Enquirer: 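What follows is a structure written as structure tokens; I'll ask about it next.
Note that the structure is a prediction, hence the values are computed from the model and not measured. Just so you know, residue 1 is the first one in the sequence shown, and it goes up from there.
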Amino acid sequence: MLTLVTGGAGFIGSHIVTALLAAGHEVRVLDALLPAAHGDLADPPALPAGADWRRADVRDRAAVEDALRGIDSVCHQAAMVGLGKDFADAPDYVSCNDHGTAVLLAAMAAAGVRSLVLAGSMVVYGEGRYACARHGVVRPGPRRIADLDAGRFEPPCPRCGEPLAPGLVTEDAPTDPRNVYAATKLAQEHLAAAWARAVNGRAVSLRYHNVYGAGMPRDTPYAGVASLFRSALARGEAPRVFEDGAQRRDFVDVRDVATANTAALAALSGRPAGELRTYNVGSGTVHTVGDMAAALAAATRGPAPVTTGEYRLGDVRHITASSARIRADLGWTPAIGFSAGMRDFAHARLRGTAPASAGRT
């Protein structure tokens, strides 16, 4: 099977390319090598032997059509990632993520390519699953600035104002994107679902939770929190943990994300045509942001984390995954636990310094 991996030179994409080649796929890579994710690369990256390399933007219809020649399936990873700096980034997010996906899907429809695995994200849920002792499962609204300024970070019950117990979110939970990036990731899923219905295609969206691992870009405002902590420790500085550090997340190693993609591609031929199926991709274990900072600091013997009380509008308090569906449907299970993953990541290679502008995965 010849698989096109868009964004295949990036952080997650490059691991997927390696995993696909190991699984016996032929792989073609399409990547724009935008500076925020790759620095100022003049030459193609060192991709694994056997990968066919194309440097082009997924928004370039002619380049995408050329890259799709002979392709059996597409693994779409190209996207502008992260929360960004401010709302001024919105046009770039929509252009890269949604227009780029529309161009790709239109070209796939014309080329007769009917199998798609999409890089989704847990951000489409907004806040995670919460239960109130009096009112059962509830969905709190966006946190108020006055509460955040006062250090009240936990969302209260929207009906009685009492504290809530966070839990695991499933794929059937209502979507509630709370920042521009999240809105574009949900729009990508809607576009993929519309494509599947229109062309009788098979599509899967893998909703990644907090991915970390070797090859993360550093020194960019679009990097994930794991990369920001690593970068600080590399400079000999203490990781700065926002809020009180008790934000619950599901941290999943990028190598496990890669095997989830190979499992999804392998299962596509057996899926019903004309629909999009969504899967959470997480480790299945809950840790806090403070846990991650402490684990990385300990593994590098660096300064202890500093909890700042700062916050970012658009961040959610708790979001952790149930990965039961992907385990049951695709037989995928993560292989790398939190402790081992943090030890590996503490000494892993990161991508070089990138300018403060938007980038792709």
Side-chain angles (χ1 to χ4, degrees), residues 12 16 73-77 79 81 97-98 101 105 115-131 136-140 155 164-179 181-197 201-211 247-254 256-287 316-334 361:
I12 296 175
I16 292 170
S73 60
V74 173
C75 190
H76 183 32
Q77 306 297 311
V81 300
N97 297 0
D98 299 338
T101 298
L105 293 173
S115 296
L116 172 71
V117 174
L118 172 69
S121 175
M122 54 85 178
V123 296
V124 301
Y125 298 117
E127 289 284 352
R129 184 181 188 276
Y130 292 87
V137 175
V138 296
R139 292 191 62 78
L164 298 173
L168 301 181
V169 65
T170 66
E171 293 87 350
D172 296 326
T175 52
D176 184 18
R178 297 193 175 186
N179 55 58
Y181 171 61
T184 65
K185 295 306 288 183
L186 183 57
Q188 284 184 301
E189 290 193 350
H190 289 317
L191 287 166
W195 166 85
R197 288 191 294 270
R202 292 177 171 86
V204 164
S205 178
L206 300 178
R207 291 175 174 173
Y208 304 154
H209 281 249
N210 289 75
V211 186
Q247 307 95 301
R248 291 160 53 102
R249 297 290 188 268
D250 186 325
F251 298 107
V252 58
D253 191 285
V254 67
D256 285 329
V257 170
T259 61
N261 276 268
T262 61
L265 281 167
L268 273 178
S269 61
R271 290 219 50 78
E275 67 176 35
L276 172 79
R277 180 73 162 168
T278 59
Y279 292 104
N280 287 331
V281 178
S283 69
T285 61
V286 176
H287 291 87
V316 298
R317 179 60 175 174
H318 303 299
I319 176 69
T320 53
S322 167
S323 297
R325 177 185 286 182
I326 191 171
R327 295 177 189 228
D329 284 9
L330 306 186
W332 172 84
T333 55
T361 50

Enquirer: Would you say Ile319 and Arg249 make side-chain contact, with heavy atoms under 4.5 Å?
Expert: yes
Enquirer: A side-chain contact here means heavy atoms from C-beta on lying under 4.5 Å apart; do Glu171 and Tyr125 qualify?
Expert: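 Glu171 vs Tyr125: side chains touch.
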Enquirer: Is any side-chain heavy atom of Tyr208 closer than 4.5 Å to one of Asn261?
Expert: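 Side-chain contact under 4.5 Å: yes.
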Enquirer: Using every non-hydrogen atom in the two residues, find where Asp98 and Thr184 come nearest and quote the distance to one decimal.
Expert: OD1-O, 2.8 Å
Enquirer: Kindly say whether Ser322 contributes a backbone atom to a donor-acceptor pair with the side chain of Asn280 at under 3.5 angstrom?
Expert: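 Side chain of Asn280 to backbone of Ser322, a donor-acceptor pair under 3.5 Å: yes, one is there.
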Enquirer: Minimum heavy-atom separation for Arg178 to Pro140, with atom names?
Expert: NH2-O, 2.7 Å
Enquirer: Could you tell me whether a side-chain N or O of Lys185 sits under 3.5 Å from a main-chain N or O of Ala119, the two making a donor and an acceptor?
Expert: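 Between the backbone of Ala119 and the side chain of Lys185 there is a qualifying donor-acceptor contact (under 3.5 Å).
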Enquirer: Could you report the tightest heavy-atom contact between Val252 and Val281, atom names first, then the distance?
Expert: CG1-O, 3.9 Å
Enquirer: With heavy-atom distances below 4.5 Å as the criterion, would you say the side chains of Thr262 and Trp332 are in contact?
Expert: no
Enquirer: Give me the atom names and distance for the closest heavy-atom approach of Ser205 to Gly120.
Expert: OG-CA, 3.5 Å
Enquirer: Which heavy-atom pair separates Ser115 from Leu268 by the least distance, and what is that distance?
Expert: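 So the two residues come closest at CB-CD1, 3.7 Å.
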Enquirer: Between Val316 and Gln247, does a side chain to side chain contact (heavy atoms under 4.5 Å, CB included) hold up when you go through it step by step?
Expert: CA-CA 8 Å; Val316 298; Gln247 307 95 301; over 6 Å; no
Enquirer: Indicate the atoms forming the closest heavy-atom contact of Pro334 with Asp256, along with that distance.
Expert: CB-OD2, 3.4 Å
Enquirer: Can you tell me which residue among Val257, Ile16, Leu206 is in a side-chain contact (heavy atoms from CB on, under 4.5 Å) with Gln77?
Expert: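 For Gln77, the side-chain contact (heavy atoms from CB on, under 4.5 Å) check succeeds only for Ile16.
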Enquirer: Using modelled atom types and a 3.5 Å cut-off, is there a donor and acceptor pairing between side-chain atoms of His318 and backbone atoms of Arg248?
Expert: yes
Enquirer: Any donor-acceptor pair under 3.5 Å linking the side chain of Arg325 with the backbone of Thr278?
Expert: yes
Enquirer: May I ask you to decide if Arg271's main-chain N or O and Arg202's side chain share a donor-acceptor pair within less than 3.5 Å?
Expert: yes
Enquirer: Side chains of Thr101 and His76 only: does a donor on one sit below 3.5 Å from an acceptor on the other?
Expert: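 Distance-only check passes for Thr101 and His76.
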Enquirer: Quiz question: by atom type and distance under 3.5 Å, do the side chains of Asp250 and Thr320 form a donor-acceptor pair?
Expert: no
Enquirer: For a 4.5 angstrom cut-off between non-hydrogen side-chain atoms, does Trp195 reach Leu276?
Expert: no
Enquirer: Is Glu189 salt-bridged to Arg207, cutoff N-O under 4.0 Å?
Expert: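 Salt bridge between Glu189 and Arg207, a charged N being under 4.0 Å from a carboxylate O: yes.
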Enquirer: Within the 4.5 Å heavy-atom criterion, are Glu127 and Arg139 side-chain neighbours or not?
Expert: no
Enquirer: At what distance, to the nearest 0.5 angstrom, does OG1 of Thr170 lie from CG of Asp172?
Expert: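 That separation rounds to 5.0 Å.
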